[in-house]
Amino acid sequence: MDPVLLLTQVLNGLQFGVMLFLMAAGLTLIFGVMNLINLAHGSLYMMGAYLAATLQQKTGSFIAAIFLAIPLTVLLGMLVETLALRRLYNRDHLDQVLATYGLILFFNELVRMVWGPQAYFMALPQFLSHHIQIFSGLTYPVYRLVIIGVGLGVGAGLYGLIHHTRLGMLIRAGASNREMVNALGVNIRLLYTLVFGLGAALAGLAGMLAGPLMSVEVGMGEPILILAFVVIVIGGIGSIQGAFFAAVLVGVADTFGRVLLPPGLASMGIYILMAGVLCWRPEGLFPAQRT
Amino acid sequence: MTFRTFSYLVFIGFFMTLPLWADVFHTRLFTRILIFALLALSLDLVVGYGGMVSFGHAAFFGTGAYMTGMMSLHGITDALVVWPAAAGAAMLIALPIGALSLRTRGAYFIMITLAFAQMAYYFASGLETFGGSDGMRLLARNTIAGKEILVRHDFFYYAAAGSLAAAFLLCRRLTRSRFGLILGGIRQNEKRMQSLGYATYPYQLTCFVISAALAGLAGALMANETLYISPSYLHWTQSGHALVMVILGGLGTLAGPVLGAIVLLLLEEILSAFTQHWMIVLGPLLILVVLYARGGLHGLWPQKKVSHATTP
Amino acid sequence: MKQKSLLGICFGGLLLVLVFSVNSAASGHAADKVKVGFIATLSGPGASLGTDILDGFKLGLRHCGDKLGGIPVELVTGDDQMRPEVGVQVASRMVERERVDFVTGIVFSNVMMAVARPILDQGLFLISANAGPSLLAGDQCHPNLFTISWQNDQTHEAMGKYLQDQGIKRVYLMAPDYQAGKDGLTGFKRYFEGEVVAEVYTRVNQPDYAAELAQLRAAKPDAVFVFYPGGMGINFVKQYAQAGLKDEIPLYTTAFTLDQSVLAAMGDAALGLVNASFWSPDLDNPVNQRFVADFRETYNRLPSLFAAQGYDAALLMDSAVRSAKGQIGDEDKLREGFRKADFQSVRGDFRFNNNHFPIQNFYIRQVIRNDEGILTNKILGVAFTDHMDAYHQQCPMKW
């Protein structure tokens, strides 16, 4: 593989990894703080994409659509949390699995009834549709670079939020010792709803960014949900840093696996990676500290 | 006679006599339900009793089905050979998978079993001799001691029902034995059992492998019922479907997964007859069950006293 | 506790009563109506094709006056959930409970392979409105199986022939890693004699193709041929255009990638792309024009080729029953009727080969924006006239 192609593939892997990180960050946050396995995270990704695509057609602007769709996804996430998921925090993981599986069925069918069974269109805005030359011989689509930028920005923002704000302190405290936070008089219900909203925003954002590149269709959330679970397990559940490094690892490994391995083996690639990592480090690469 | 005994009698009587009065379609529908009940029962053995949430049971189900197909390609069609072989093949696959997966716990265990099942899925999709991703048709149902009696749907129903009953009794025996008690202890507090001097790993692995054998048997039965094997048996949605049956019915009970399989498959059949959009009804129904019927549907069954504790 | 148990028992009883009463009780066979079972994937993701075929089929029935050969028709639908084993169960319901006369629909090849024998072995007629696996066209062909759509390889063969005729030397091939993908590329290579630079199989339902596109660009082929149906096609075509490859290396594909039902979701990325198909909305014959116009009026969208297949399935059944003079109990007469296929199809004249697969033309189409600004396909030329599939000689049936 010549160096230009190699570098292009590294960028492709990074971009795919960053998309996975947006999904995985919310998932691992919700898992880490509320101890909730949320299978409906993929549905929020799908709803984000559909809402943004609809708003883009109504307003004609990609940016406006994103800025309107994010709060809507957050509201939707908080609504779901308040109506159903809130009561599941203290329940067995498997109860959560069943309930959120029910949510997947519900949302998929809802979208099919509202938007129809055919895939939906989301355009790439004109100002992001060109390529730039990074150096001689290597051109790369601007939009994919934007995704990398947004992903890295969100990662940095989350790091700042968790390590340098009061909300972040509560999130860290909540993840390691729930009862303690409660005892300190913090409104834990509100905190949980906020964290869930944050997770929904991240999933929705991932869906919105994917919209112009991919088909906005019923069931688009499930394949990416499985990958996001792979990522958080490799990274260590509850760890944002772990999710970031694991996402990039999975993105790059999958990209090169697809290019270099025969097809059957390439499909298994990331699962072999995950099984390998877990056999070596049974709690992922960056296990979150718990007390 | 207590109300509870009466309920059991009605329940068993219903299933014992079903092929005598039902039409062919319903006999086959309930055959399929009983096979899935067997799969759910096998899954509950690891999830409910062993405390190991396997998200990869489709791999063993599929192994049983493919073993049936492979043997029929080689002209071996007697159920007395094929079905134990299917269960055995599933055990052989489960041994290394379990041995590696048991290094992990909790959500990590869920995901590592999924990973192995996905590998099995892609492996099966690449098997050209078995029709690759499209799958392969089997010529006929297995024979029993050389007699082609399973061709009749009612006889095959009884074969499936008998397999389920045998598996049920085996699981009952197992969970009430010393082995089952130790397993329960491990589920509730692994550290305590270890400090009491029990090597927990072999117990869990044994449980995992036995469960895989039952799943493999279910796969062989399924291949016989549909006369078709395809990688869709190994798809992760199949594992998820079985898991939903177990949770819906009630974890850590023997009747629970059987009830869960019956109710879920009947609901799918009934709702899809009314509307294409049946999932929009089924989804919220599942949520309601979780919110309001704790311990699953098993909690609605007439109880002797307090039901078995689910996972703590 | 007691209350809960009662609730449970009532619930269980209700379920049992319902399951034994829904699916319209088998009233024995009445000679005054003909019953059609429609099996397809109708729920969840992947339901788009099935609902399209069903819409086309219903329109076809309406154009026949809700009768088949003058006998009132009753339609029962079944959802296979895209899983072969569920398909078998639905087939059993159609055969053993509903006692239908014909079964049609069937979107996916794997479901087709699973349900074909259980239906055909009962002496019923199965009219595939989509799936056309090679096995059923070759040595496993069946006297009661008629495929109204195509054999899986055919459309790809048309594109292979077209690129061969265009004098293209080096072509890069891509498809998903499953049976239909392999069949498609095999079909293409049957008629394309130039150099195949690479034959790439990608994961089924893969969302992102950036890595493969980078490899493709580096290989510098003269042309690219891909088979990506449904959502995979939308992903691929959008990303191909966004990678700037559309102006660099021409992309050729089939109607399955650039079908009417997905064009809207691709937008300008699809504009100008060339593809092969047995049908096009602008095919100039009166049946097709009526079909397109009425479909649009009824469902408020342009029909896809899947809808066209469903429509033709209805017309075929109508002609067969008519030709058998309404004697739907007479298997041989009905088979004669199906073989005659005495009807005007959306593709003009229609006839079956010895294996009961169509002998038909294949067209080369291009995606354009029509006068109303809607993306649709327009015929450029003919790739094959009266094309037969590659497997018909392996089928022992003669008539």
Side-chain angles (χ1 to χ4, degrees), chain B residues 3-4 7 10-11 14 22-30 32 65 122 125-126 128 131-137 139 153 222-223 225-233 235 237-238 259 262-263 265-279 293 297-303, chain C residues 1-2 4-9 11-12 15-16 18-20 22-24 26 42-44 47 50-51 54 77-79 81-90 92-98 108-118 133 135 140 176-183 203-204:
Chain B
F3 184 54
R4 185 164 173 275
S7 307
V10 170
F11 187 80
F14 174 83
D23 56 23
V24 177
F25 165 69
H26 284 106
T27 306
R28 294 188 64 187
L29 173 68
F30 277 90
R32 186 165 166 268
Y122 287 114
S125 302
E128 295 289 343
S133 58
D134 270 0
M136 186 185 80
R137 186 150 183 85
L139 289 175
H153 294 303
M222 202 58 185
E225 162 54 25
T226 59
L227 287 181
Y228 199 74
I229 54 171
S230 86
S232 76
Y233 290 141
H235 200 251
T237 48
Q238 202 77 255
L259 278 180
I262 295 171
V263 169
L265 292 172
L266 285 184
L267 271 177
E268 286 182 6
E269 177 68 23
I270 293 166
L271 292 177
S272 69
F274 283 111
T275 166
Q276 278 179 28
H277 301 288
W278 54 274
M279 287 185 188
L297 296 172
H298 186 261
L300 300 182
W301 188 256
Q303 304 292 318
Chain C
M1 199 46 123
K2 200 80 181 222
K4 245 186 161 181
S5 307
L6 274 176
L7 183 73
I9 285 165
F11 177 66
L15 276 186
L16 289 178
L18 277 173
V19 82
F20 282 96
V22 292
N23 314 327
S24 65
L42 295 171
S43 66
T51 44
L54 183 58
T77 58
D79 178 8
Q81 301 177 34
M82 224 170 145
R83 282 158 49 190
E85 78 278 10
V86 179
V88 171
Q89 184 196 330
V90 177
S92 137
R93 191 179 103 210
M94 295 296 179
V95 173
E96 285 138 8
R97 175 99 173 140
E98 303 282 0
F108 297 102
S109 294
N110 57 352
V111 177
M112 183 60 164
M113 292 303 293
V115 303
R117 295 306 299 228
L135 277 176
Q140 289 185 28
D177 187 21
Y178 63 9
Q179 208 54 43
K182 290 170 193 160
D183 287 353
R203 192 184 306 156
V204 178

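Note on naming: letters A, B, ... go to the chains in the order of the sequence lines (proteins, then strands), and numbering restarts at 1 for each one.
- In terms of heavy-atom pairs under 4.5 angstrom with chain C, the leader among Val263(B), Thr237(B), Val10(B) is Val263(B).
- In this structure, chain C has a heavy atom under 4.5 Å from the side chain of Phe30(B), while its backbone stays farther away.
- For Gln140(C), no part sits under 4.5 Å from any heavy atom of chain B, backbone or side chain.
- The residues Glu269(B) and Arg32(B) are annotated as not salt-bridged, no charged nitrogen and carboxylate oxygen being separated by less than 4.0 angstrom.
- Glu268(B) and Ser272(B) share no donor-acceptor pair across their side chains, judged by distance under 3.5 Å alone.
- Ranked by heavy-atom pairs under 4.5 Å with chain C, the first of His235(B), Met136(B), Gln276(B) is Gln276(B).
- We find the OG-CZ distance between Ser230(B) and Arg137(B) to be 12.0 Å, quoted to the nearest 0.5 Å.
- Using modelled atom types, one side-chain atom of Gln238(B) and one backbone atom of Ser232(B) make a donor-acceptor pair closer than 3.5 Å.
- Interface check for chain C: of the options Pro231(B), Gly132(B), Gly131(B), Ser133(B), the most heavy-atom pairs under 4.5 Å are formed by Ser133(B).
- Considering only heavy atoms from C-beta on, Glu98(C) stays 4.5 Å or farther from Phe25(B) through its side chain.
- Comparing Glu128(B), Glu225(B), His277(B) by heavy-atom pairs within less than 4.5 Å of chain C, the highest count is held by Glu128(B).
- Options Val88(C), Val95(C), Asp177(C), Thr77(C) differ in how many heavy-atom pairs under 4.5 Å they form with chain B, and the most are formed by Val88(C).
- Chosen from Val90(C), Val115(C), Leu16(C), the residue pairing most often with chain B at heavy-atom distances under 4.5 Å is Leu16(C).
- Classification of the Phe20(C)-Phe14(B) ring pair by plane angle, with boundaries at 30° and 60°, yields perpendicular.
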